[in-house]
Amino acid sequence: MADRKLSALVLLAHPNPSQSEVNLTMARAARDLDGVTLVDLYAQYPTLDIDIDLEQARLRAHDILVLHFPFYWYSTPAILKEWQDLVLEYGFAYGHEGTALHGKVMFCAVTTGGAQESYMADGVNHFTVRQLLAPLEQTANLCGMTYLPPLVLHSARSAAEEHRIAAHARAYAFALETAQADRWHLPSVAKAETLNAVLDEMEG
(Lines give C-alpha, C1' and ligand atoms only; values in the text may rest on other atoms or scores of the structure.)
Protein backbone atom coordinates (compact mmCIF):
# COMPACT_ATOMS: atom_id res chain seq x y z
CA MET A 1 0.00 0.00 0.00
CA ALA A 2 1.11 3.58 -0.63
CA ASP A 3 2.24 5.64 2.37
CA ARG A 4 0.32 8.60 0.95
CA LYS A 5 -2.62 9.18 -1.30
CA LEU A 6 -1.43 9.23 -4.89
CA SER A 7 -2.17 12.27 -7.03
CA ALA A 8 -3.88 12.04 -10.40
CA LEU A 9 -3.67 14.30 -13.46
CA VAL A 10 -6.67 14.03 -15.77
CA LEU A 11 -6.24 15.51 -19.26
CA LEU A 12 -9.68 16.09 -20.77
CA ALA A 13 -9.48 16.31 -24.56
CA HIS A 14 -12.97 17.07 -25.84
CA PRO A 15 -13.54 19.93 -28.31
CA ASN A 16 -16.84 20.86 -26.65
CA PRO A 17 -17.53 18.98 -23.41
CA SER A 18 -20.56 21.18 -22.65
CA GLN A 19 -22.33 19.44 -25.55
CA SER A 20 -21.42 15.97 -24.29
CA GLU A 21 -23.46 15.09 -21.21
CA VAL A 22 -21.42 11.94 -20.74
CA ASN A 23 -17.99 13.57 -20.79
CA LEU A 24 -19.14 16.64 -18.86
CA THR A 25 -20.57 14.49 -16.07
CA MET A 26 -17.44 12.35 -15.98
CA ALA A 27 -15.23 15.44 -15.86
CA ARG A 28 -17.20 16.89 -12.96
CA ALA A 29 -16.94 13.62 -11.06
CA ALA A 30 -13.17 13.60 -11.50
CA ARG A 31 -12.72 17.30 -10.74
CA ASP A 32 -14.53 17.00 -7.42
CA LEU A 33 -12.14 14.38 -6.04
CA ASP A 34 -9.39 15.31 -3.61
CA GLY A 35 -5.94 14.93 -5.10
CA VAL A 36 -7.17 15.06 -8.71
CA THR A 37 -6.12 17.84 -11.09
CA LEU A 38 -8.36 18.08 -14.15
CA VAL A 39 -7.09 20.04 -17.14
CA ASP A 40 -9.44 20.87 -20.03
CA LEU A 41 -6.87 20.95 -22.82
CA TYR A 42 -9.10 22.59 -25.44
CA ALA A 43 -10.17 25.29 -22.98
CA GLN A 44 -6.59 26.01 -21.93
CA TYR A 45 -5.09 25.80 -25.41
CA PRO A 46 -7.76 26.87 -27.94
CA THR A 47 -5.08 27.47 -30.59
CA LEU A 48 -3.11 24.33 -29.65
CA ASP A 49 -0.24 26.50 -28.42
CA ILE A 50 0.76 24.12 -25.64
CA ASP A 51 2.94 25.30 -22.77
CA ILE A 52 5.50 22.49 -22.70
CA ASP A 53 7.19 23.53 -19.45
CA LEU A 54 3.85 23.76 -17.63
CA GLU A 55 2.67 20.39 -18.89
CA GLN A 56 5.93 18.70 -18.00
CA ALA A 57 5.75 20.21 -14.52
CA ARG A 58 2.23 18.83 -14.13
CA LEU A 59 3.43 15.39 -15.12
CA ARG A 60 6.28 15.50 -12.64
CA ALA A 61 3.89 16.54 -9.85
CA HIS A 62 1.43 13.66 -10.28
CA ASP A 63 1.60 9.90 -9.87
CA ILE A 64 -1.25 8.89 -12.17
CA LEU A 65 -2.01 10.16 -15.68
CA VAL A 66 -5.51 9.75 -17.13
CA LEU A 67 -6.19 10.59 -20.76
CA HIS A 68 -9.92 11.34 -20.99
CA PHE A 69 -11.31 11.66 -24.51
CA PRO A 70 -13.98 10.60 -27.00
CA PHE A 71 -12.74 8.01 -29.49
CA TYR A 72 -12.21 9.77 -32.84
CA TRP A 73 -11.41 7.53 -35.81
CA TYR A 74 -9.84 4.91 -33.53
CA SER A 75 -7.60 7.50 -31.91
CA THR A 76 -7.53 10.68 -29.86
CA PRO A 77 -8.78 14.18 -30.70
CA ALA A 78 -6.13 16.35 -32.33
CA ILE A 79 -5.04 18.29 -29.26
CA LEU A 80 -4.05 15.16 -27.37
CA LYS A 81 -1.81 14.05 -30.22
CA GLU A 82 -0.28 17.52 -30.28
CA TRP A 83 0.22 17.33 -26.52
CA GLN A 84 2.04 14.00 -26.88
CA ASP A 85 4.23 15.24 -29.72
CA LEU A 86 5.33 18.37 -27.85
CA VAL A 87 5.33 17.40 -24.17
CA LEU A 88 6.77 13.87 -24.23
CA GLU A 89 10.20 15.03 -25.34
CA TYR A 90 13.37 13.00 -25.67
CA GLY A 91 15.40 13.52 -22.54
CA PHE A 92 12.24 14.12 -20.49
CA ALA A 93 9.86 11.25 -21.16
CA TYR A 94 12.15 8.77 -22.89
CA GLY A 95 15.75 8.25 -23.88
CA HIS A 96 18.83 7.62 -21.74
CA GLU A 97 18.11 10.52 -19.39
CA GLY A 98 14.36 10.72 -20.00
CA THR A 99 13.14 9.16 -16.78
CA ALA A 100 10.66 11.76 -15.51
CA LEU A 101 7.68 9.46 -15.96
CA HIS A 102 9.21 6.21 -14.74
CA GLY A 103 7.02 4.38 -12.25
CA LYS A 104 3.90 6.44 -12.92
CA VAL A 105 0.56 4.87 -13.90
CA MET A 106 -1.44 5.73 -17.02
CA PHE A 107 -4.88 4.77 -18.27
CA CYS A 108 -7.47 6.12 -20.70
CA ALA A 109 -11.08 7.03 -20.03
CA VAL A 110 -12.78 6.70 -23.40
CA THR A 111 -16.28 7.17 -24.78
CA THR A 112 -17.34 5.65 -28.09
CA GLY A 113 -20.32 6.15 -30.34
CA GLY A 114 -20.35 2.47 -31.31
CA ALA A 115 -21.79 -0.39 -29.32
CA GLN A 116 -19.56 -2.77 -27.39
CA GLU A 117 -20.22 -5.62 -29.82
CA SER A 118 -18.84 -3.51 -32.67
CA TYR A 119 -15.42 -3.52 -30.99
CA MET A 120 -14.71 -7.22 -31.33
CA ALA A 121 -12.91 -9.41 -33.86
CA ASP A 122 -16.17 -10.20 -35.62
CA GLY A 123 -17.65 -6.72 -35.15
CA VAL A 124 -17.67 -3.87 -37.63
CA ASN A 125 -14.47 -2.38 -36.14
CA HIS A 126 -12.64 -5.75 -35.98
CA PHE A 127 -10.59 -4.84 -32.91
CA THR A 128 -11.22 -4.13 -29.25
CA VAL A 129 -10.79 -0.62 -27.91
CA ARG A 130 -7.67 -1.72 -26.05
CA GLN A 131 -6.16 -3.11 -29.23
CA LEU A 132 -6.91 0.12 -31.07
CA LEU A 133 -5.24 2.09 -28.29
CA ALA A 134 -1.97 0.15 -28.76
CA PRO A 135 -0.01 3.30 -29.76
CA LEU A 136 -0.84 4.89 -26.40
CA GLU A 137 0.03 1.67 -24.60
CA GLN A 138 3.42 1.57 -26.29
CA THR A 139 3.93 5.27 -25.55
CA ALA A 140 3.43 4.52 -21.86
CA ASN A 141 5.81 1.56 -22.10
CA LEU A 142 8.50 3.65 -23.78
CA CYS A 143 8.15 6.27 -21.05
CA GLY A 144 8.56 3.69 -18.28
CA MET A 145 4.96 3.95 -17.12
CA THR A 146 2.59 1.19 -16.07
CA TYR A 147 -0.24 1.14 -18.63
CA LEU A 148 -3.64 -0.06 -17.47
CA PRO A 149 -6.60 -1.03 -19.66
CA PRO A 150 -9.10 1.67 -20.63
CA LEU A 151 -12.31 2.57 -18.85
CA VAL A 152 -14.85 2.59 -21.69
CA LEU A 153 -18.39 3.83 -22.14
CA HIS A 154 -19.85 2.47 -25.37
CA SER A 155 -22.89 3.82 -27.23
CA ALA A 156 -22.40 7.26 -25.71
CA ARG A 157 -25.14 8.82 -27.85
CA SER A 158 -27.82 6.72 -26.14
CA ALA A 159 -26.33 6.83 -22.64
CA ALA A 160 -28.60 9.63 -21.41
CA GLU A 161 -31.87 8.07 -22.53
CA GLU A 162 -30.74 4.72 -21.17
CA HIS A 163 -29.83 6.31 -17.83
CA ARG A 164 -26.22 5.05 -17.89
CA ILE A 165 -24.34 8.30 -17.36
CA ALA A 166 -24.54 8.63 -13.58
CA ALA A 167 -23.43 5.04 -13.00
CA HIS A 168 -20.49 5.44 -15.35
CA ALA A 169 -19.43 8.70 -13.70
CA ARG A 170 -19.49 6.90 -10.35
CA ALA A 171 -17.36 4.12 -11.83
CA TYR A 172 -14.92 6.72 -13.11
CA ALA A 173 -14.66 8.32 -9.69
CA PHE A 174 -14.24 4.89 -8.10
CA ALA A 175 -11.44 4.08 -10.55
CA LEU A 176 -9.63 7.26 -9.64
CA GLU A 177 -10.15 6.83 -5.90
CA THR A 178 -8.97 3.24 -5.82
CA ALA A 179 -5.96 4.07 -8.00
CA GLN A 180 -5.08 6.94 -5.68
CA ALA A 181 -5.38 4.63 -2.68
CA ASP A 182 -3.06 2.13 -4.41
CA ARG A 183 -5.69 -0.59 -4.11
CA TRP A 184 -4.96 -2.16 -7.48
CA HIS A 185 -2.66 -5.13 -8.02
CA LEU A 186 -1.16 -3.55 -11.10
CA PRO A 187 0.21 -6.70 -12.82
CA SER A 188 -3.23 -8.34 -12.66
CA VAL A 189 -5.17 -5.24 -13.66
CA ALA A 190 -2.83 -4.57 -16.57
CA LYS A 191 -3.85 -7.87 -18.19
CA ALA A 192 -7.57 -7.02 -18.34
CA GLU A 193 -9.28 -5.89 -21.53
CA THR A 194 -11.01 -2.97 -19.79
CA LEU A 195 -11.06 -1.39 -16.36
CA ASN A 196 -14.84 -1.80 -16.33
CA ALA A 197 -14.58 -5.50 -15.53
CA VAL A 198 -11.93 -4.90 -12.87
CA LEU A 199 -14.07 -2.30 -11.13
CA ASP A 200 -17.13 -4.56 -11.24
CA GLU A 201 -15.14 -7.23 -9.42
CA MET A 202 -13.84 -4.77 -6.83
CA GLU A 203 -17.28 -3.34 -6.14
CA GLY A 204 -18.74 -6.85 -5.97
Side-chain angles (χ1 to χ4, degrees), residues 8-33 36-59 62 64-89 93 106-116 118-119 124-125 127-140 143 147-173 175-176 194-196:
L9 174 64
V10 177
L11 299 182
L12 173 64
H14 194 296
N16 197 343
S18 65
Q19 294 186 0
S20 171
E21 187 174 353
V22 174
N23 284 281
L24 183 61
T25 304
M26 290 174 63
R28 286 172 174 165
R31 183 192 60 201
D32 291 342
L33 295 176
V36 173
T37 301
L38 185 136
V39 178
D40 182 339
L41 289 177
Y42 274 105
Q44 181 150 6
Y45 304 116
T47 62
L48 274 66
D49 186 17
I50 293 172
D51 186 332
I52 297 172
D53 291 339
L54 173 60
E55 294 305 317
Q56 290 182 349
R58 283 173 170 158
L59 287 171
H62 294 81
I64 302 162
L65 173 63
V66 181
L67 305 181
H68 176 167
F69 59 94
F71 216 28
Y72 281 5
W73 284 105
Y74 313 113
S75 186
T76 69
I79 198 168
L80 196 49
K81 182 60 168 67
E82 182 76 351
W83 181 93
Q84 294 172 70
D85 290 346
L86 296 178
V87 176
L88 302 181
E89 294 180 307
M106 174 179 145
F107 70 90
C108 300
V110 181
T111 59
T112 76
Q116 182 174 357
S118 69
Y119 287 94
V124 66
N125 295 307
F127 300 93
T128 67
V129 171
R130 176 158 189 175
Q131 288 171 328
L132 292 166
L133 290 173
L136 288 177
E137 181 166 356
Q138 178 53 22
T139 296
C143 295
Y147 180 86
L148 301 181
L151 180 71
V152 185
L153 178 75
H154 290 289
S155 302
R157 297 185 189 91
S158 61
E161 64 188 67
E162 294 170 356
H163 307 291
R164 292 186 286 117
I165 295 177
H168 188 73
R170 287 193 297 271
Y172 188 27
L176 287 166
T194 67
L195 276 182
N196 305 62

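Small disclaimer: the values here were computed from a predicted structure and weren't measured.
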Is a salt bridge present between D32 and R28, judged by a nitrogen-to-oxygen distance below 4.0 Å?
no
Can you name the nearest heavy-atom pair linking L195 to P149, along with the distance?
CG-O, 3.1 Å
Where is the tightest heavy-atom contact between A13 and L41, given as atom of each residue plus distance?
CB-CD1, 4.4 Å
Can you name the one residue among E55, R58, E82 that meets side-chain contact (heavy atoms from CB on, under 4.5 Å) with V87?
E55
Look at atom CD of Q116 and say whether more than 12 heavy atoms of other residues, nucleotides or ligands are closer to it than 6.0 Å.
no
For A109 versus M26, what's the shortest heavy-atom pair and its separation?
CB-CE, 4.1 Å
Which atom names give the shortest non-hydrogen contact between L133 and F69, and what distance separates them?
CD2-CZ, 3.9 Å
Identify the two heavy atoms, one from Y72 and one from P15, that lie closest to each other, and give their separation to 0.1 Å.
OH-CD, 3.5 Å
Which atom names give the shortest non-hydrogen contact between R157 and G113, and what distance separates them?
NH1-CA, 3.3 Å
Could you tell me how the ring of H68 sits relative to the ring of Y172: parallel (under 30°), tilted (30 to 60°) or perpendicular (over 60°)?
perpendicular
For L11, which of L38, V66, I79, L65 qualifies under side-chain contact (heavy atoms from CB on, under 4.5 Å)?
L65
Flag yes if more than 12 heavy atoms outside E21 fall under 6.0 Å of its CD atom; otherwise flag no.
no
